[in-house]
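What you see is a predicted model, and the numbers here were worked out from it, not measured in a lab. Letters go in sequence order (proteins before strands), and every chain restarts at 1.
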Amino acid sequence: MLLVPCPNCGPRNSADLRYGGESHARPDPATASPHEWRAYLYLRHNPAGWLRETWYCRSGCRRWFALERNTATNEFRDPPLPGDKRGGAA
Amino acid sequence: MARSLGQLRHRPPRYSAAALAWRGLRGHTWPRVWRDPELKTSYDAVVVGGGVHGLATAYYLARNHDITDVAVLDKAYLGSGGSGRNTAIIRANYLTPAGVAFYGRSLQLYNSMAVDLNINVMFSERGHLTLAHTDGALRTMRWRAEVNKLGGVDSSVIGPGEIKKIVPSLDTSDRPRYPILGALYHPPGGIVRHDAVVWGYARAADHLGVEMHQRTEVLDVLCSGGEGPGGKGAGGRVTGVRTNRGDISTPVVINCTAGWASLVSAMAGVRLPIVTHPLQAAVTEPVKMFLPAVVVSGSLHVYVSQTSRGELVFGASVDPVATYSVRGSSEFTEELAGHVLQLMPGISQMRLLRQWAGLCDMTPDYSPVMGFTPVEGFLVDVGWGTYGFKAGPVSGEQMAEVVATGRTPELIEPFALSRFNTGNLVGEKGAAAVGH
Amino acid sequence: MADALRFESPVTRSHPAGESGGLTLTDSSATVKWLVRAFDEGPAAACLQTPFGSSRQDPSGALVLGSRPGEWILLGAQDAVARVVESLQGFGSGDFVTAVEWTHGRAMFRVSGRHAPRALEKVCSLDWSDPMTPDGAVTSASVAKVICDIARDDCRGTLSYLVLCDRSFGQYVFDALIDAGREFGLTVVPAGLSFSDTQDTVG
Amino acid sequence: MAMSRLGQRPTEVIKRSVTLHFRWNGRSFSGFEGDTVASALAASGQQVFSRSLKYHRPRGILTADYWDPNLMVQVGDDPNVRAGHRLLEEGMDVRAQNVWPSLRFDLKAANSLVGRFLSAGFYYKTFMRPRWLWPSYERVLSAFGPGGRVDIDSPDRYHDKRYTHPDVVVAGAGPAGIEAALAASKAGARVLLVEHEHSVGGHLRYSTRAAEQVALGKLRGTLEASDVEVLTDSTVTGRYEDNWLGIVQRNHPIAVERLIKARAKMLVVAPGLIERPYVFEGNDRPGVITSAAARRLINLWGVKPGERAVVFSANDEGDAAADLRDAGVDVAAVIDGRKGHRINSTRGSRRAVEGVVADGVRIDADLLVVAAGWTAPTSLLNMAGDRPAYDRYAARFFPSNPPDSVLATGGLSGDGTLDELRTHGAATGRLAAARALSVAHRIQARTARARAVGGPEPDWAADDRLPLRRDFHPELFRSDTHGMIDFSEDVGSKDLLAAAREGYDSVELAKRYTTATMGSSQGKLETVNTVAVLAEARGENIGEVGTTVWRPPYAPVSLGALAGRVFEPVRVSPIQPWHEANGVRTILAGQWVRPDHYGDPAAEVRNARSNVGIIDVTPLGKLDLRGPDIPKLLNLLYTNKWSNLAVGKVRYGMMCGEDGVVLDDGVTGRLGEDHYMMTTTSSGAGVVWEWVENWLQTERPDWRVHVTPVTSAYASINVAGPKSRRLVGRVVRDVDLSPEGFAYMEVRSATVAGVAGCFMWRIGFTGDLSYELHVPAGHGMHVWEALIEAGADLGVGPFGMEGQRIMRLEKGHFIVGQDTDGLTMAPSTGLSRLIRLDKENFVGRPELGWSGSRRLPMIVAIQPDHPQTVPDEGCQIVRGDTNEILGRITSSRMSPTLRRSICLGQVEPELAIGGSRVTVLLASGDRIGATVMGHHAHFDPAGERLRG
């Protein structure tokens, strides 16, 4: 069970949160072309590495927030989590 | 179009009971199932991903279209990805006419596979039950059954009494939580020995001249003329691939990966409507056969079958958090066990022996992405979510036709990447949305 | 009409259980509850003096829970809670303060006794050790798969936790707590007590 | 040979004063308290415990512990019980598995005669033709499947789970593990020590050396006096993300098995070593056992393992000769593997060893005790991402680079004297405690509810432990003969070599092709030998071949333990007790238990249409909205306009996703200047709440709106029917109920049956004159009963979900999620007046703006030609006699009001014109004609009743 660093509640089990997926800018709906809008709706970078994404702390503070996570290792960046880091000191 | 045996590039020993007995008596062993050739610097086509999709594509290129100068590259071993990690359920009872036609063809190919490929893939046509616990689910079952019938696929809605007859271990009593109100019964569905399917395609493709290269990782897709950096992206065309064992020039690259589909496509400057999630599976210790059909519960997010060895094989829906990490999760096994015991309270003493995970490339409409991309020569057969294995044969057949003819066959037209530009999504997710 | 207006608790079925003295479960759903919202760091927040994650006994007698950033739950006797709500009315201009009467929306139970943390850890994944959840701590988390607000509110030195959940889940959560507490010889106090009553029951 | 019970041993764990009786294959046996099932049987002279998977060869004790692949038995209705571990209980009914017809005489043993044809993967090479025969072959093959039997009628057992948050979890309570736990505890850490066996001590438990016995006694004493929580007969089954550990506790008093989920700050892995079998001809004959098995049998259970033994040894620890002699076993020869001596084969009957061939010489013996070397069970480390590294010098795998939060100690880390192992264990415990302190500080500092921590975070303690030395050990895997590698799968070294020759030469392919390591011990006995044989085939060393991936769980866990107690939350309205007392049939809608009907839904409809009916609609989603910016919010979320809703008015709205697909619908009323009440569908309440919060928090944080879910704060009661005004008038005195004073789509605050703080609105999902009363939930039952009482003379009666569904279908109101699906865009609903593209941005507007050019299916009302035929929901609408699909029936019912079948459906746009003729394919296969109606309402299309 992944430990997610909620900025309000502290580290919480991922089951306590709702995963919101890749954060990406919403184009201006008034001016976006169908091509741009559908790229926003459907296309994703889906990298194997650092990704900025949104989470909703549904069991805790009930706030939406963004975090950076490495999708290859599930490590969170800033703030780092306790444990699971390789190569020594925090 | 199919090649006769006389056209085989090399003649391998055929499998049969007689051959087995003869070799057993003589103490002869069997030769290699596929060769281990040198990697060349050029091929007519390069398939990325040595799973069932990639191997089937290569096999049908050679068998149906006489295109044999083909390399299948896999960064690990054949079948190391989703092909070796799935729960090996075969069915065709989809919701949309497009899905029914497509998976129906796959089912046909699975049915004749043992003979076609001369290997026993142990396709066990034991029937497939999708349980409905709510009125809404029952409505969707009826919808699916009716579309299936119209598409020529054997499917019907049955009641608790009939369900109990087929699978006596199911609790069909009038329970307040998750009562079994009915099921979509699909007699031709079943399970197959997934590794044998992979090995069968690899062996057959090898016999036709296709080369399999294991531990060969694609590091880049080489392009020219595209709008992006390095000549990649829309308007460009493929010139080759870079691997950990050197560059290969080729006009055709087919991305048949699962779990890495976004990454390989990004190498050609193609963005996909895909998010990669792990899917967990698990197996119990074996017990004597008591579960004669595949049982699925959508509401409980579980599917279970019993292998001929007696193990229960379980799968669930994908993990909620996107990741490329395939470490198992404990919450999966807990949910799974809870749900299985809701269905079959009598098996609480069975023990979970092993769990594992694979990667699933999820698309917004629960349907694959197949065919051409904005980069000429870069083709995709990706986005297979949790249903890639059952589509392996037909995908290979259709993708081979795309490569050979330069046209998209009717069967896979609905799955084109361009649908995410026009908004004409496939309705398979419709079933999911009706679930409540 | 007074009799007709008796508060109907969401707990309508109770269960016989042992009496160890080490663990007590009380239904105090009838307690008056208000939900207050304001800017996280605005004047109302300053007045309430109860940051997220903590609680405070107001001089009026009401218990103020900092249940979420910019969100407080007030518990206690009708007039005590009303006094706190009234004290927040003046912040309209520099703040955005609202208050919702929530008595009927939430069930509330008190789990107390020395075994309370062990009982809670059977239904909730949070760490109930003293440094992580000291007296006065407030949090929310899933209890037997229902999201609850949980406040540690020791009564005269006895470990005690208030568990608040959506009213419709009240019976289910109550049953789950009884089941969790059974191995500790749980005592169940009949329903219908108010917050202040439950403080007296423990001790 | 026959094993037998010895006289009292100083180290024994059996209590000879307590005799336990049990049955084995129907015959009566007895043993002592403290015996395992296997030790009791062995002491009674039983040699054969099971038959092998493929060849049905007789199998006896091999390792005499949990991992022994030959000791899988059935106990009552519990299959695959490990007789080497499970403690004997009075009255146990134990049976052999995988035997036919009996353990002693097994007809399938004939398989071994054709063994040469059953080469690795033989089943892939045959049974392809004829295809119709395969199902029969399949049945035969599955009859050969291993394993016990489940009884599908087994009673439900009580299972349990708990969470815990220790600072340090130590997996394995051998001397190093105990020292680690004690040292960590002494340093102030909360420690959980988990031991797989029934008691702590590791290999010291069956050591007869005086110094080791003294040490064990002291360790046990110190442990008992410490704060360490000790779990025996428990296993750390998995290490998941961020040190989330699964621990199965098999000896808990209140549950058959209990799963503990531990979020450990540090994990110390100290499982010790597992003795691996040696591969040679006849190595699976009963009478060939590991040295640890011999020592366990003798010293723990007082079982004499044989009369005359050959000992093969490659290490001091595994040298059982002294113990054997001490137990009165005649040690015929000690063959030292370190000096190059070899066991070539065993000879004897099918049931027992009668002789051993060593270095070509036959020695008469009924027992062969083998100490070939060790397998390091690095499973928990692998689950942490560590790839163990092979050391040829020590001939085993070692941890190579585990994450900072995982430490290894004991035999896994190296060799050494007992003192050295204890010292390393203690140093590991101190290091774990120091690191746990850093982690605890970090967690506490970031957790709002935690006590504030003072001072800087402690430095991350460096690993300055003195590493344990590694002793030389010969690489002894296989003799010059072939033998069994995987005892539970019946895979021999020949099979692996054949697989490698066929091209399945990577460890993963070989494993899949031969099924080696896939059996009951999941590679704990077999992995190293498998890799060694593959290395031989490939001409490489073991390190180059590498191991397969060890996967969780470390030891099997019952489904019951994983499931735990059932947490399936259900929600009920305050009126539920009344429903139950009045013959309700409930239905589960999401988590809500709701009244479906009270016996006759059609009668409920007729009563509501002619008199007055009341329905409990408490689950209707309700969001209390407060603040000055609510109109902006509503304009954003709904497709229609909300700027001009007056106080006291109610409006219907539809919400779409960003893709223009219908998400939810409902009415929202304005109760006061800055106070609105939004309703959602029952099933959509949670989703919409999160959706609203998402927009407010991420896109419009400047808007002043507070949203509170109040669904169950109010009991909601819909009063419907022509007499509803009269009924409501009897319980509401403070509102003018005249059509002018309180019109359709208006809302009022009210006192209902003496309950203040209620609100009510006039809306009409049922299509009749109706009032929806929302009363504080703590008085919901009172109001409901007041309505029943007050309306007795008006014919008031309750109706349920089914009645409501019928009435809404009569009125033609669609249900989101039933009449719409995951692709239904707003224009398909036909409510085009509600889609205001002239409004500035609302959610879904871009796609809705472009949707004009698309052929969207339309929701229409449909009436079958034959009024008594009700097509099932989900039936397809097709073109004539063809299979071309043109739409489907989404809702259908027999209307008690119109006395005919009525439907809603989705059809192609060309057919969405009143009077269009369509063909419906019934589930029976019949095709019927039906007509598309000009409007959705089958009943009262002008809405006169609604507005009256």
Which pair of non-hydrogen atoms, one from [X] and one from [Y], has the smallest distance, and what is that distance?
X: A:Met1; Y: D:Trp244; answer: N-CD1, 3.3 Å
X: A:Arg63; Y: D:Gln697; answer: CA-OE1, 3.2 Å
X: A:Trp37; Y: D:Glu847; answer: CD1-OE2, 3.6 Å
X: D:Thr447; Y: A:Pro11; answer: OG1-CD, 3.7 Å
X: A:Leu2; Y: D:Asp242; answer: CD1-OD2, 3.6 Å

Heavy-atom contact with chain D under 4.5 Å, split by part of [X]:
X: A:Ser33; result: backbone
X: A:Ala66; result: neither
X: A:Arg26; result: side chain
X: A:Asp28; result: side chain

| Heavy-atom neighbours of A:His45 NE2 exceed 12 at 6.0 Å |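 For A:His45, atom NE2 is not crowded (no more than 12 foreign heavy atoms under 6.0 Å).
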| So, do D:Trp689 and A:Arg62 sit near enough that their side-chain heavy atoms are less than 4.5 Å apart? |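 Yes, their side chains come closer than 4.5 Å.
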| said: Out of D:Lys261, D:Arg449, D:Glu693, D:Glu690, return the one with the most heavy atom pairs under 4.5 angstrom to chain A. | reply: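 Top count of heavy-atom pairs under 4.5 Å with chain A: D:Glu690.
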| message | Looking only at the side chains, is there a donor atom on one of D:Glu658 and A:Tyr40 sitting less than 3.5 Å from an acceptor on the other? | response |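 Yes, a side-chain donor-acceptor pair sits under 3.5 Å.
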| query | Of the backbone (N, CA, C, O) and the side chain (C-beta and beyond), which part of D:Asn694 lies under 4.5 Å from a heavy atom of chain A, both, or neither? | reply |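 Both backbone and side chain.
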| Does any heavy atom of chain A fall under 4.5 Å from the side chain of D:Glu699, the backbone, both, or neither of them? |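 Just the side chain, heavy atoms under 4.5 Å.
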